[in-house]
Amino acid sequence: MHSLLTSEQVRAAEARVLRRGVDNKYLRMSAATAVADAIFCRAHADGTKTAVFCGGGGNGCDGILIAAILHGRGCTVAAYLVGEQSDENKSAAAYAVSEGLPVYGAQSYDGDADIVIDAIFGIGLNRAVSGATADLIEFLNSSKKAFRLAVDIPSGLNADSGEVMGAAFRADVTVTFSCYKRGMLFGGRDFCGRIVVADIGVEAVSDVKVYEHSDFAVHRRKTDAHKGTCGRVFVIGGCGRMIGAPVMSGAAAHAAHLNGAGTVTVCLPKMLRVAAASRCTMSMMKFLSDTPDGYIRFVKSEFDEIIRRADAIDIGMGMGETPDLRKMLEYLCANFDGALILDADALNAIKGDYGFLAGRAEITVTPHVGEFERLTGQAATLENAMALAREIKGIVVLKSATTVITNGRDARVNIAGTPAMAKGGMGDLLGGAISALACSYPLYDAATVACYRNGIGAERAVSSYAELMLTARDVLNYGYFKELY
């Protein structure tokens with residue numbers, strides 16, 4: 001996992017390296033070489049023109065060196081200087097010119113490059129981009145043919161908040177150094193494109209990590225495994241006013257099956273017996289006592305039976321605003337010692353009053369941004385998610401394009417996924433996946449792997465579908481059946 005750092009933390013990490021005697025010129029060459037390596041195959045193609053735009057600070061110096069390295073490797077490349085240059089940059093530019101690299105003022109660029117490399121501003125930007133520089137960035141963004149690469153962070157993007165500072169470069173790929181910067185993942189993802197982290201010799205470490213493909217752990221079953229040793233998952237959901245609830249519950253159950261649960265039991269109100277019969281396949285069914293409107297009632301003996309049999313329970317989808325739901329949650333928290341995953345209406349039932357979650361059960365709450373804000377009355381930030389996890393002594397999965405998984409002491413960030421997942425039902429898959437994986441992994445790892453696997457599954461499924469067409473069932477039926485490791 002690579003760390004996720006603020007700009008202040010990055011500068012502190014770089015200062016530590018310099019204090020140990022590492023030459024700053026070595027770091028610059030390491031950074032420039034990493035970017036040149038990332039773009040070389042594309043830049044070296046016949047007839048390809050590359051333009052590198054270099055600001056007046058350290059990021060611009062990296063840009064001049066990148067252009068010089070590509071020129072030395074036989075690429076058709078030119079450097080364009082943006083704004084007043086530092087003495088270090090002037091020295092680097094003079095060296096590049098002596099080596100035959102064309103160096104121009106940015107105002108002379110005519111827009112004919114096939115590759116545009118942005119090295120105008122770095123992570124230290126603290127003012128709005130304006131005037132000729134803002135106009136240049138917008139001009140570079142308007143190119144329909146150019147492939148755009150950002151050095152460390154797209155120029156104009158705040159490294160901490162992801163805010164656009166007047167104007168921001170919109171990259172297809174960002175090669176960032178040593179670690180992810182917080183603003184790239186929280187607010188700035190539309191501008192970064194695909195993010196590549198390059199190791200340049202700076203040990204940039206924090207308690208917040210980005211979960212990546214190389215971190216994906218595969219649980220191998222023992223040769224003598226049977227369904228009783230692989231985990232018993234119960235999915236509790238549905239009400240009479242939500243006829244689609246069996247489908248949602250069935251999706252969660254299906255996800256649990258595909259993530260290794262030995263058995264899955266879907267628990268629905270009795271009113272939905274007929275509707276569920278044809279919709280929830282593969283799973284066992286249990287029908288719970290309900291009200292005349294079809295809301296599940298809390299009957300102690302029924303929940304005692306679930307507690308006795310279950311290793312993991314996923315509860316909440318489609319249950320509606322029933323007064324008994326909170327009673328169920330309080331009873332499960334106090335008496336169940338397995339993994340308890342709360343989603344959807346289970347979160348609505350505890351908003352503003354969730355201290356009882358810190359009970360016997362291993363708790364995971366899975367709110368999206370809106371649910372988190374209703375639940376806590378606070379903004380859906382990484383720090384607030386960590387605070388909630390500490391309060392409930394459990395795991396918080398704050399779902400968004402950048403999903404935060406935290407146990408309150410540290411955090412993991414999942415960026416696998418696609419905008420095609422912005423549809424109902426994706427959260428039901430996640431709850432089922434966490435439940436099943438919790439039978440094989442520690443709960444924190446189960447939540448992390450489930451988020452990653454759902455995201456990668458969606459990415460691979462959408463490769464065969466138009467983005468707007470993707471459904472939760474497609475992720476299960478296609479994405480999960482391709483190799484994930």
Side-chain angles (χ1 to χ4, degrees), residues 232-257 261 263-336 338-351 356-357 361 363-367 371 424-436 472-473 476:
R232 298 178 297 274
V233 171
F234 280 69
V235 178
I236 305 174
C239 72
R241 294 191 176 185
M242 298 185 186
I243 303 303
V247 176
M248 293 187 288
S249 300
H254 196 172
H257 279 297
T263 65
V264 182
T265 302
V266 178
C267 303
L268 295 165
K270 290 180 179 178
M271 179 180 282
L272 296 180
R273 186 187 299 271
V274 174
S278 61
R279 300 191 185 192
C280 295
T281 60
M282 296 173 56
S283 302
M284 295 181 287
M285 308 295 298
K286 181 176 178 61
F287 295 98
L288 303 177
S289 299
D290 57 4
T291 67
D293 290 334
Y295 292 109
I296 296 174
R297 290 194 297 114
F298 173 63
V299 176
K300 181 178 178 298
S301 59
E302 293 179 345
F303 277 79
D304 282 341
E305 182 185 355
I306 292 172
I307 287 171
R308 180 176 57 81
R309 296 173 56 197
D311 295 303
I313 298 172
D314 179 19
I315 183 170
M317 70 287 294
M319 293 185 74
E321 296 184 11
T322 167
D324 274 16
L325 178 50
R326 186 180 178 88
K327 295 178 185 177
M328 300 172 207
L329 298 176
E330 291 177 346
Y331 191 76
L332 289 171
C333 286
N335 295 280
F336 180 53
L340 179 60
I341 292 82
L342 277 58
D343 190 22
D345 287 318
L347 301 174
N348 294 328
I350 61 173
K351 59 186 177 184
F356 70 91
L357 296 181
I363 291 290
T364 300
V365 295
T366 60
E371 288 171 333
M426 297 295 176
D428 302 318
L429 302 189
L430 181 62
I434 296 173
S435 302
R473 191 164 297 278
L476 292 176

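- Note that CD of Glu371 is 6.0 Å distant from CG of Asn348, once rounded to the nearest 0.5 Å.
- Residues Asn335 and Asp304 fail the side-chain proximity criterion, which asks for heavy atoms closer than 4.5 Å.
- By the 4.5 Å heavy-atom criterion applied to side chains, His254 and Arg473 are counted as neighbours.
- Under the 4.5 Å side-chain criterion, counting only non-hydrogen atoms from C-beta, Phe303 is in contact with Ile236.
- Counting only heavy atoms from C-beta outward, the side chains of Asp290 and Tyr295 never approach each other to under 4.5 Å.
- The shortest non-hydrogen separation linking Ala253 to Val264 is CB-CG1, 3.5 Å.
- Once rounded to the nearest 0.5 Å, the distance linking CG of Asp428 with CE of Met426 reads 10.5 Å.
- Residues passing the side-chain contact (heavy atoms from CB on, under 4.5 Å) test with Lys327, sequence neighbours excluded: Phe298, Asp324.
- Environment of CD in Glu321: sparse, with no more than 12 heavy atoms of neighbouring residues, nucleotides or ligands closer than 6.0 Å.
- The CZ atom of Phe356 sits 8.0 Å away from atom CD1 of Ile363, with the distance rounded to the nearest 0.5 Å.
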Item to check | side-chain contact (heavy atoms from CB on, under 4.5 Å) between Leu288 and Val299, intermediate numbers included | outcome: CA-CA 8 Å; Leu288 303 177; Val299 176; over 6 Å; no
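- The shortest side-chain heavy-atom distance between Thr322 and Cys239 does not fall under the 4.5 Å cut-off.
- Side chain of Thr263 to backbone of Val233: no donor-acceptor contact under 3.5 angstrom is found.
- Heavy atoms only, all atoms of each residue included: Cys267 and Phe234 are closest at SG-CD2, 3.6 Å.
- Shown here for Gly316 and Ala344, the closest heavy-atom pair between the two residues is O-CB, 3.8 Å.
- The minimum heavy-atom distance between Cys333 and Leu357, with the atom names listed, is SG-CD2, 3.7 Å.
- Nearest heavy-atom pair across Gly237 and Ile296 is O-CD1, 3.7 Å.
- The line from NZ of Lys300 to CE of Met328 is 15.0 Å long, rounded to the nearest 0.5 Å.
- In plain terms, the two heavy atoms of Ala252 and Val235 that are nearest each other are CB-CG1, 4.1 Å.
- For the side chain to side chain contact (heavy atoms under 4.5 Å, CB included) test with Thr366, the passing option among Asp343, Leu342, Asp314 is Asp343; the others fail.
- Between the side chain of Arg232 and the main chain of Arg309, a donor-acceptor pair closer than 3.5 Å is present.
- One N or O on the side chain of Glu302 and one on the backbone of Ser289 form a donor-acceptor pair closer than 3.5 Å.
- The shortest side-chain heavy-atom distance between Leu329 and Ile315 falls under the 4.5 Å cut-off.
- Summarising the geometry, atom CD1 belonging to Ile313 is positioned 6.5 Å from atom CD1 belonging to Ile306; distances are rounded to the nearest 0.5 Å.
- Looking at heavy atoms from C-beta onward, Arg241 lies in side-chain contact with Asp293 at the 4.5 angstrom threshold.
- Here the side chains of Arg326 and Ile350 are in contact, with some heavy-atom distance below 4.5 Å.
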